[in-house]
Undergrad: 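Structure incoming, see below.
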Amino acid sequence: MGKRNGMKGFVIGVAVTASAAMSVSAYADSIQKQIAVTYDNIMVKLDGQETALKDATGATVEPFIYNGTVYLPARAISEAVGLNVSYDQTTKTVSLTSGGEAAGEDGKTGTPPEGTPPTGTPPEGTGSGTEAAVDASTLGSATYSLNGSTAAKTLEAISATDADASAVRVTDGGVLTLTGVTLSKTGDTSSEDNSNFYGLNAALVATAGSTVTLNDSTITTAADGANAVFATGAGSTINVSGVTINTTADSSRGLDATYTGTVNATDVNITTSGTHSASIATDRGNGTVNVTGGTMNTSGTDSPGIYSTGAIYVSGANLTASGSEAAVVEGKNSITLTNTYLSGAAKSGVMLYQSFSGDAEVGTSTFNMSGGSLTAYAGPLFYATNTDAVINLEEAGLAVRSGILLNAAADQWGNTGANGANVTLNAKSQVLNGDVTADALSTVALALTNGTSLNGAVNSANTAKSASLILDGSSSWNVTADSYLSTFVTSNTTFSNITDNGHTIYYDATASANSWLDGQTIYLSGGGMLTPAS
């Protein structure tokens, strides 16, 4: 699953130190051209001339810095020095040949799973995450296959032990009902990308418009890249009810949907212990997962309870991630929770971001929560970077040990200087505890309605690109430190809904939205004041 630091393709790595701006050079053997990379702004020069690197479609490809190494796209660099690049999809082989020999496909091979450091190039362009899927039925094998017909199995044990083999695969519009079965899977995948995107090596996979109904059954996988339930391709649907799932190796998710596939789950209990193994996930192509009830526990590093590059809806479930965030949304995708209880023990409660790995369309990341609870044992409750994000909360119980409700800031993803976050938090009938922070590349906007209370400071370090707060007449703010607001609007003009605790609230007197304050300094009841920022 192309997540976190995920990059796709193949690379040339140029090692540099991160302590100073410098230029370094990489040379291709026997080719008399020089490639220079200026580290401070990642300018690429070919024989001294600034060069824009292009992929096979003509889209610009940006270099990427990770852990002191500049990663360059192998196709673009090879062609720049006079080589042709071809890719054999069948053998997964990249060939570099001298000029005049035929070039092949562009060699995009996907991204590593969530949390994995980059092993390839940045995407050619920003990537839409909706590239056409391969025919998953041609990948690997299966112990039991159903192609385009209808069948049912009851009280059977079906296992797969070979690499790249599924226990059950249904394709070509097949319809299969499984009741009281036991599915087991060992034998590692040969390609994490193909496992992440197309269900290679999964215990149960539905492809090409097929439907599987799985009731009162058990799935166990103990192999890398062995997802338990995987629906991929338009019209592919898996319905599971009363199922227990246990996966123990890496890149082995509980429920997963890709390329507009759908998984519907009721009262499913999931346990995963490997890295990059979310209990509920979607990947490329905007898959959909609907979950009602059940208990999900993940313990692996970078294995959130929920990972969305599509649309995930969860109601009445309990999720615990003891080695990762509670939930992650990448790009123009969403998670919607109703009366669901989830917690994350590492990094943050909910992360919203864009990796530019090509797995998720660029756009607004959305997190919706009504009822239930969200707990972050480390980091901010909400963390956003390199994306636009909207957080909608209503009557949810929120708890965060760090005292940071929301942090919007640039991180390792995106283009330096343009990779902050723009976050809108809408809270209705909600208790909010913790500070709101942002860096100079990021904006935060809070709209509090229907009796919402905020207990914390907003932009207390005065670092945000902008920070705004809207309070309706029924909502309140308990100010715990001096705060700096680009925009402040409240319908309570007596300011009785503000408990200032002696702190100062600074506002931008030049902003038109603040014209109602008329540039005044207003002394508040607790000894603090609302005053223009100097």
Undergrad: I need the L381 CG to S348 OG distance, nearest 0.5 Å.
TA: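 It comes to 8.5 Å.
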Undergrad: If we check side-chain hydrogen bond (donor to acceptor under 3.5 Å, both in side chains) with T258, which of these qualifies: N227, T232, N196, T282?
TA: T232
Undergrad: What is the distance from atom CG of N392 to atom OG of S334, rounded to the nearest 0.5 Å?
TA: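 It comes to 10.5 Å.
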Undergrad: What do the steps show when you test S496 against N492 for side chain to side chain donor-acceptor pair (under 3.5 Å), and what is the final call?
TA: CA-CA 7 Å; S496 60; N492 185 337; 2.9 Å; yes
Undergrad: Under 3.5 Å, is there a donor-acceptor pair between the side chain of T272 and the main chain of T247?
TA: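 No; zero donor-acceptor contacts below 3.5 Å.
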Undergrad: Assess whether a salt bridge exists between K347 and D302, defined as any Lys/Arg side-chain N lying under 4.0 Å from an Asp/Glu carboxylate O.
TA: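 The answer is yes: the pair qualifies as a salt bridge.
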Undergrad: Taking the cut-offs as 6.0 angstrom to the six-membered ring centre and 45 degrees off its axis, would you call R401 and Y377 a cation-pi pair?
TA: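 Geometry flag: not set, cation outside 6.0 Å or 45°.
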Undergrad: When rounded to the nearest 0.5 angstrom, what distance separates CH2 in W477 from OG1 in T490?
TA: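 These two atoms lie 10.5 Å from each other.
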Undergrad: Side chain of S299, backbone of G323: donor and acceptor closer than 3.5 Å?
TA: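 A pair under 3.5 Å: no.
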Undergrad: State, with a plain yes or no, whether a side-chain heavy atom of I505 is found less than 4.5 Å away from one of V479.
TA: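 With C-beta onward as the side chain, the pair touches.
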Undergrad: Partners of T480 by side chain to side chain contact (heavy atoms under 4.5 Å, CB included), sequence neighbours excluded?
TA: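 Expected list: D435, N455, A457, N478.
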Undergrad: Donor-acceptor pair, distance only, cut-off 3.5 Å: does the side chain of N514 make one with the backbone of L517?
TA: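 The answer is no, because no donor-acceptor pair under 3.5 Å joins these two groups.
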Undergrad: Check each of T364, N422, T443 against D388 using the side-chain hydrogen bond (donor to acceptor under 3.5 Å, both in side chains) test, and report the only one that passes.
TA: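 Single pass found, and it is N422.
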Undergrad: Does the side chain of Y353 come within less than 4.5 Å of V328's, by heavy atoms?
TA: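 V328 reaches Y353 side chain to side chain.
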Undergrad: Does the ring center of Y259 lie less than 6.0 Å from the ring center of Y198?
TA: yes
Undergrad: Would you confirm whether S277, through its side chain, and T275, through its main-chain N or O, come within 3.5 Å as a donor-acceptor pair?
TA: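 Checking the backbone N and O of T275 against the side chain of S277, a donor-acceptor pair under 3.5 Å is found.
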Undergrad: Hey, are T336 and N368 close enough side-chain-wise for a donor-acceptor pair under 3.5 Å?
TA: yes
Undergrad: Would you confirm whether S252, through its side chain, and D250, through its main-chain N or O, come within 3.5 Å as a donor-acceptor pair?
TA: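 Such a contact is found between S252 side chain and D250 backbone.
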Undergrad: Between S355 and E330, is any side-chain donor less than 3.5 angstrom from a side-chain acceptor?
TA: yes
Undergrad: Is the backbone N or O of E192 less than 3.5 Å from a side-chain atom of S251, with the two atoms forming a donor-acceptor pair by type?
TA: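 Side chain of S251 to backbone of E192, a donor-acceptor pair under 3.5 Å: no, none is there.
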Undergrad: Any donor and acceptor pair, going by atom type alone, linking the side chain of S491 with main-chain N or O of G473 inside 3.5 Å?
TA: yes
Undergrad: Against V240, only a single residue in N264, V268, V291 fulfils side-chain contact (heavy atoms from CB on, under 4.5 Å); can you say which?
TA: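 Testing each of N264, V268, V291 against V240, the sole residue satisfying side-chain contact (heavy atoms from CB on, under 4.5 Å) is V268.
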Undergrad: Does the S308 side chain pair with the main chain of G310, one donor and one acceptor, at a distance under 3.5 Å?
TA: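 Indeed, once roles are kept as given, a pair shorter than 3.5 Å links the two residues.
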Undergrad: Would you mind reporting whether L530 and Y507 have side-chain heavy atoms less than 4.5 Å apart?
TA: yes
Undergrad: Could you measure the distance from the OH atom of Y307 to the CD atom of E325? Nearest 0.5 Å is fine.
TA: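 Between atom OH of Y307 and atom CD of E325 there are 8.5 Å.
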Undergrad: To the nearest 0.5 Å, tell me how far L255 CG sits from I238 CD1.
TA: 9.0 Å
Undergrad: Taking only residues two or more places apart in sequence or in another chain, which ones pass side chain to side chain contact (heavy atoms under 4.5 Å, CB included) with E395?
TA: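 For E395, the residues satisfying side chain to side chain contact (heavy atoms under 4.5 Å, CB included) (neighbours in sequence not counted) are S429.
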Undergrad: Where the side chain of S324 meets the backbone of A321, is there a donor-acceptor pair that is under 3.5 Å apart?
TA: no
Undergrad: Find the distance between CG (L337) and CG (L319) and round it off to the nearest 0.5 Å.
TA: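 So the gap between those two atoms works out to 8.0 Å.
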Undergrad: Look only at the side chain of S476 and the backbone of N497, and say whether a donor-acceptor pair between them is shorter than 3.5 Å.
TA: no
Undergrad: Mind telling me whether W516 and F488 have parallel, tilted or perpendicular rings, with 30° and 60° as the class edges?
TA: tilted
